[in-house]
Amino acid sequence: MSDPFSISGKTALITGGTSGIGLATAKHFVSAGARVVITGRREEGETIAADIGAEFVPCDMHEAQQIDNMVEASAELLGGIDILFSNAGAVIEFLTVEETDDSILNDMFDVNALSHYRVLRRSIPHLNQGASVILNASLITRMGNIGETAYTAAKSALVGLARGAAMELAGQNIRVNAISPGPIDGPIWPADHPQRDLIKTLCPMGRFGNPEEIASICQFLGSDACQYLTGANIPVDGGITSGFAPQMLEVLMGE
């Protein structure tokens with residue numbers, strides 16, 4: 001019996017694929033039999049890609065022309081795109097609305113919102129019938145946080161992009177969904193981060209996620225088993241945005 005969750009033989013373009021969630025997803029996809037192109041700014045990107053059996057196309061996601069060139073080169077290498085994981089993003093600064101000047105605001109939106117729009121826009125002619133587009137948003141799209149308002153606004157734009165593009169591309173049998181990861185082990189949350197214990201208290205599961213768990217969700221969304229899901233924003237956050245964690249209630253109630 002064939003595996004409905006298989007992505008063997010599919011082609012995938014993963015932006016921001018040289019570290020963290022992007023790299024974990026690239027490794028996962030390659031091991032599952034997909035042909036993968038990863039992008040990034042790191043000088044060692046080609047070596048990273050070769051080590052996992054993928055191809056590398058350099059790209060600075062702040063540069064619109066580089067994005068166009070990257071998509072065209074990636075599509076040529078792959079011969080068409082079955083799975084687009086638009087993953088690249090960054091927290092630029094932790095600032096209040098009043099403190100955020102135009103330079104920071106533009107930078108935040110450029111990498112966390114506009115780059116995804118540009119990647120998708122250029123990729124559409126290269127998306128195969130039945131293709132899956134996955135936009136990496138954040139749990140912050142479902143809640144607010146002091147000092148992250150610009151980041152929240154930029155990432156929330158991806159939810160709107162997923163919904164709008166899902167409507168536009170449904171007739172081509174192309175699905176577009178967003179995922180909203182919670183705290184995931186990796187560069188943003190290193191082992192020595194001072195707030196790790198607090199995050200574990202807030203999370204009903206009491207732990208950080210690992211990048212491979214996000215990669216598994218991406219495989220699900222990219223597989224043929226997921227043909228009727230589009231326009232969604234899927235939380236992958238250990239329950240943080242679902243309600244108060246039991247251990248958090250104990251802290252609040254002094255028990």
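Note that this is a predicted model, so its numbers are computed, not measured.
Gly89 and Asn112 get closest at one heavy-atom pair: CA-OD1, 3.3 Å. Contact detail for Val119 and Leu84: the closest heavy-atom pair is CG1-CD1, 3.9 Å. Between Gln219 and Ala32, the closest heavy-atom pair is OE1-CB, 4.2 Å. The minimum heavy-atom distance between Thr25 and Cys218, with the atom names listed, is CG2-CB, 4.0 Å. A pairwise comparison of heavy atoms in Arg142 and Asn233 identifies NH1-O, 3.8 Å as the closest pair. Ala157 approaches Ala113 most closely through the heavy-atom pair CB-CB, 4.1 Å.
For Glu44, the CD atom is densely surrounded, since the number of other residues' heavy atoms within 6.0 Å is greater than 12. Other residues, nucleotides and ligands contribute only 12 or fewer heavy atoms inside 6.0 Å of the OH atom of Tyr117. For Glu213, the CD atom is densely surrounded, since the number of other residues' heavy atoms within 6.0 Å is greater than 12. Within 6.0 Å of the CE atom in Met167, the count of heavy atoms belonging to other residues, nucleotides or ligands exceeds 12. For CD of Gln129, the number of neighbouring non-hydrogen atoms (other residues, nucleotides, ligands) closer than 6.0 Å is greater than 12.
In this pair, Phe5 and Phe220 present their aromatic rings tilted. The plane angle is within the 30 to 60° band.
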Val36/Glu55 under side chain to side chain contact (heavy atoms under 4.5 Å, CB included): CA gap, chis, key distance, verdict: CA-CA 6 Å; Val36 177; Glu55 301 279 354; over 6 Å; no
Full working for side chain to side chain contact (heavy atoms under 4.5 Å, CB included) between Thr201 and Ile199: CA-CA 5 Å; Thr201 302; Ile199 295 300; over 6 Å; no
Check against side chain to side chain contact (heavy atoms under 4.5 Å, CB included), Arg175 and Tyr228: CA-CA 8 Å; Arg175 296 166 289 117; Tyr228 204 54; over 6 Å; no
Candidate pair Met205 and Lys200, rule side chain to side chain contact (heavy atoms under 4.5 Å, CB included), full reasoning: CA-CA 8 Å; Met205 287 188 168; Lys200 290 178 182 179; over 6 Å; no
Candidate pair Glu76 and His126, rule side chain to side chain donor-acceptor pair (under 3.5 Å), full reasoning: CA-CA 9 Å; Glu76 184 174 350; His126 304 291; over 6 Å; no
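The CZ atom of Arg35 sits 14.0 Å away from the CZ atom of Phe29 when rounded to the nearest 0.5 Å. To the nearest 0.5 Å, atoms CG (Leu114) and NE2 (His62) are separated by 10.5 Å. Residue Ser180 holds its OG atom at 8.0 Å from CG of Asp237, rounded to the nearest 0.5 Å. Rounding to the nearest 0.5 Å gives a distance of 9.5 Å between CZ of Phe56 and CZ of Arg42. Rounded to the nearest 0.5 angstrom, Leu120 CG and Ser115 OG are separated by 11.0 Å. We find the CZ-CD distance between Arg118 and Glu63 to be 9.0 Å, quoted to the nearest 0.5 Å.
When side chains are defined from C-beta on, Leu13 does not count as touching Ile38, because their heavy atoms never get closer than 4.5 Å. When side chains are defined from C-beta on, Thr149 does not count as touching Thr96, because their heavy atoms never get closer than 4.5 Å. Contact check for His28 versus Glu212: no side-chain heavy atoms found under the 4.5 Å cut-off. With a 4.5 Å cut-off on side-chain heavy atoms, Thr18 and Leu23 do not count as touching. Looking at heavy atoms from C-beta onward, Ile240 lies in side-chain contact with Pro183 at the 4.5 angstrom threshold. Side-chain contact between Arg196 and Pro194: absent, with no pair of heavy atoms (C-beta onward) separated by less than 4.5 Å. Side chains of Phe85 and Asn136 form a contact here, defined as non-hydrogen atoms less than 4.5 Å apart. Contact check for Arg41 versus Pro58: no side-chain heavy atoms found under the 4.5 Å cut-off.
Not one N or O on the side chain of Thr230 forms a donor-acceptor pair closer than 3.5 Å with the backbone of Ala166. Judged purely by atom type and a 3.5 angstrom limit, Ser132 uses its side chain to pair as donor or acceptor with the backbone of Leu221. Remark: the backbone N or O of Ile104 is paired with a side-chain donor or acceptor of Asp101 at under 3.5 angstrom. Panel note: side chain Asp107, backbone Ser103; no donor-acceptor pair is recorded below 3.5 Å. Within the 3.5 Å criterion, the main-chain N or O of Ser138 finds a donor-acceptor partner in the side chain of Thr141.
Residue Ile179 is tested with Ile214, Ile21, Leu135, Asn87 for a side-chain contact (heavy atoms from CB on, under 4.5 Å); the sole match is Ile214.
Taking the charged nitrogens against the carboxylate oxygens, Lys27 and Asp51 have no contact shorter than 4.0 Å, which rules out a salt bridge. Salt bridge absent: Arg207 and Asp185 never bring a charged side-chain N and a carboxylate O closer than 4.0 Å. The existence of a salt bridge linking Lys10 and Asp224 is confirmed by a sub-4.0 Å separation between a basic side-chain nitrogen and an acidic carboxylate oxygen.
Hydrophobic cluster membership is shared by Ile124 and Val133, with clusters built from Ile, Leu, Val, Met, Phe, Trp and Tyr side chains linked at under 4.5 angstrom. By the criterion of side-chain heavy atoms lying less than 4.5 angstrom apart, applied directly or through intervening Ile, Leu, Val, Met, Phe, Trp or Tyr residues, Ile234 is not grouped with Leu139; the two fall into different hydrophobic clusters. Put simply, Ile134 and Leu169 are part of two different groups of oily side chains (I, L, V, M, F, W, Y) that touch within less than 4.5 Å, one to the next. Two different hydrophobic clusters hold Ile14 and Leu78 under the rule that ILVMFWY side chains link at heavy-atom gaps under 4.5 Å. Using a 4.5 Å cut-off between side-chain heavy atoms of Ile, Leu, Val, Met, Phe, Trp and Tyr, with links allowed through other members, Leu229 and Ile217 fall into the same hydrophobic cluster.
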